[in-house]
Amino acid sequence: MALSEKENLAPPRHIAIIMDGNGRWAKQRGLPRTAGHAAGAEAFRRIANYCRTLGVEYLTVYAFSTENWKRSQEEVAGIMKLLRRYLEEALRDMEKNRVCFRFFGDLSRLSPELQKLCYDAQHRSEEYDVQVNFCLNYGGRDEIVHAARAFAADVAAGTYRPEALTEALFASYLYSGEIPDPELIIRPSGEKRTSNFLLWQSAYSEYVFMNVLWPDFAPEHLDEAIAEYHRRNRRFGGT
């Protein structure tokens with residue numbers, strides 16, 4: 001039975017996913033790493049569509065980190081090609097799918113063509129309700145530094161005094177400033193670390209680590225993660 005049919009297991013408003021395990025999935029099958037990323041892209045489509053049917057309002061996915069540039073040129077080029085193809089298809093089907101796209105990270109390092117696709121997707125989808133956030137050339141520490149610099153610039157310009165800074169004000173300078181923090185963060189692949197993902201926003205998120213590689217991640221795995229989320233006692237520092 002799908003979670004959408006279980007009234008007591010309504011999904012969190014905001015789910016974030018570290019899409020991990022594409023390379024290992026490919027290696028296990030004797031395939032190039034690019035094949036793993038292609039399979040991972042299909043897993044993303046599958047889970048994004050399922051989140052929409054469940055009523056998830058925000059889905060944030062770790063698509064490409066600031067550290068991923070260290071990978072081979074062939075692998076990076078393959079990932080960018082997959083992203084470009086996905087965005088081109090999304091732009092064609094935008095009216096049908098009605099998904100709002102946002103990109104968290106420094107897009108300036110991407111090719112001009114890919115940057116334009118990202119900005120076009122954001123602009124054309126801004127009125128839609130379900131929001132998918134792609135963390136692209138993103139790092140949690142880099143995001144915090146970016147926010148700190150932006151606030152410092154506003155202080156220098158006379159917009160704020162330093163003592164005006166609060167957690168809420170600082171959060172408004174983050175890429176995710178206009179949306180709620182994720183209640184649930186899922187990491188497939190069996191790894192158990194945050195990998196520089198949403199460091200500020202995850203202060204009180206519930207983490208669920210799962211022993212399934214991302215290309216094999218299916219709706220039933222998301223159901224399992226949401227069920228685990230509901231078993232947690234979220235006290236936010238209280239008793």
Side-chain angles (χ1 to χ4, degrees), residues 2-5 10-19 40-65 79-138 140 142-143 146-147 150-151 154 159 168-186 197-198 200-202 205 217 219 222 225-226 229:
L3 280 169
S4 54
E5 300 173 13
R13 289 182 67 198
H14 185 178
I15 295 175
I17 303 176
I18 300 173
M19 301 186 295
E42 290 306 311
F44 165 73
R45 293 176 192 270
R46 184 166 64 237
I47 296 305
N49 287 332
Y50 188 56
C51 283
R52 186 174 55 193
T53 65
L54 290 180
V56 175
E57 296 179 42
Y58 304 95
L59 173 64
T60 300
V61 294
Y62 210 178
F64 193 87
S65 77
I79 293 171
M80 296 302 165
K81 183 178 180 180
L82 283 169
L83 179 62
R84 183 173 67 249
R85 186 172 68 191
Y86 174 81
L87 289 174
E88 288 170 344
E89 293 173 0
L91 285 165
R92 286 199 302 268
D93 299 335
M94 193 161 281
E95 187 62 31
K96 177 179 69 176
N97 295 329
R98 303 186 68 78
V99 171
C100 175
F101 289 90
R102 290 292 180 269
F103 297 88
F104 297 168
D106 179 6
L107 302 187
S108 64
R109 193 168 177 182
L110 307 183
S111 69
E113 178 188 19
L114 190 50
Q115 288 183 54
K116 184 177 186 303
L117 283 172
C118 291
Y119 292 131
D120 285 350
Q122 286 191 156
H123 175 69
R124 289 179 53 185
S125 66
E126 59 187 5
E127 300 300 323
Y128 299 150
D129 295 329
V130 179
Q131 182 168 319
V132 175
N133 308 304
F134 291 91
C135 290
L136 186 58
N137 193 24
Y138 172 90
D142 183 72
E143 177 182 31
H146 177 273
F151 177 73
D154 280 348
T159 304
L169 179 58
F170 186 78
S172 72
Y173 283 88
L174 300 173
Y175 296 122
S176 61
E178 298 179 355
I179 67 172
D181 293 340
E183 293 96 339
L184 170 63
I185 298 179
I186 304 168
F197 183 53
L198 301 179
W200 177 280
Q201 299 90 334
S202 64
S205 300
F217 198 89
L222 185 62
I226 295 175
Y229 167 81

Looking only at heavy atoms, what is the nearest atom pair of L59 and A48, with distance?
CD2-CA, 3.9 Å

Find out whether M80 and S111 are in side-chain contact, i.e. whether some heavy atom of one side chain is under 4.5 Å from a heavy atom of the other.
no

Flag, side chain of E183 to backbone of H14, donor-acceptor distance under 3.5 Å:
yes

Checking side-chain hydrogen bond (donor to acceptor under 3.5 Å, both in side chains) for the pair Q131/E178: CA distance, chi angles, key distance, verdict?
CA-CA 12 Å; Q131 182 168 319; E178 298 179 355; over 6 Å; no

If every non-hydrogen atom of P219 is compared with every non-hydrogen atom of I47, which pair is closest and at what distance?
N-CD1, 3.9 Å

Hydrogens and angles aside, do D154 and Y173 bring a side-chain donor and acceptor to less than 3.5 Å of each other?
yes

Rounded to the nearest 0.5 Å, what separation is found between the NZ atom of K81 and the CG atom of L114?
13.5 Å

Please work out whether the ring planes of Y86 and F44 are parallel, tilted or perpendicular, with thresholds of 30° and 60°.
perpendicular

On a heavy-atom basis, the closest approach of S125 and R102 is OG-NH1, 4.3 Å

Please enumerate all residues that pass salt bridge (Lys or Arg N to Asp or Glu O under 4.0 Å) together with R45, with sequence neighbours excluded.
E42, E89

Test side-chain contact (heavy atoms from CB on, under 4.5 Å) on V130 and R98 and set out the steps.
CA-CA 7 Å; V130 179; R98 303 186 68 78; over 6 Å; no

Using side-chain heavy atoms (C-beta onward) and a distance below 4.5 Å, is L83 in contact with L87?
yes

Where the side chain of Y138 meets the backbone of L198, is there a donor-acceptor pair that is under 3.5 Å apart?
yes

Please report the shortest heavy-atom distance between C100 and E126, naming the atom on each side.
SG-CA, 4.2 Å

L136 CG to R109 CZ distance, which is reported to the nearest 0.5 Å
12.0 Å

Under a 4.5 Å cut-off applied to non-hydrogen side-chain atoms, are F64 and L110 in contact?
no

Is M94 close to F101 at the side-chain level, that is, under 4.5 Å between some pair of heavy atoms?
yes

Just how far is it from atom CZ of F151 to atom OG1 of T159, taken to the nearest 0.5 Å?
9.5 Å

Counting C-beta onward and ignoring hydrogens, is there a side-chain heavy-atom pair between S176 and F104 closer than 4.5 Å?
yes

Identify the heavy atoms of L222 and Y50 that sit nearest to each other, and give their distance.
CD2-CD2, 3.6 Å

Within the side chain of R52, is there an N or O that forms a donor-acceptor pair under 3.5 Å with the backbone of N97?
yes

Closest heavy-atom contact between F103 and Q122?
N-OE1, 3.0 Å

Any sub-3.5 Å donor-acceptor pair from N137's side-chain atoms to G105's backbone N or O?
no

Picking from L107, T60, V61, what satisfies side chain to side chain contact (heavy atoms under 4.5 Å, CB included) with F134?
V61

Decide whether E95 and Y128 meet the rule of one side-chain donor and one side-chain acceptor closer than 3.5 Å.
yes

Using side-chain contact (heavy atoms from CB on, under 4.5 Å), reason through Q201 and L174 one step at a time and then give a plain yes or no.
CA-CA 9 Å; Q201 299 90 334; L174 300 173; 4.0 Å; yes

Would you compute the distance between atom OG of S202 and atom CH2 of W200 and round it to the nearest 0.5 angstrom?
11.0 Å

For residues I15 and I226, determine if any side-chain heavy atom of one lies less than 4.5 Å from a side-chain heavy atom of the other.
yes

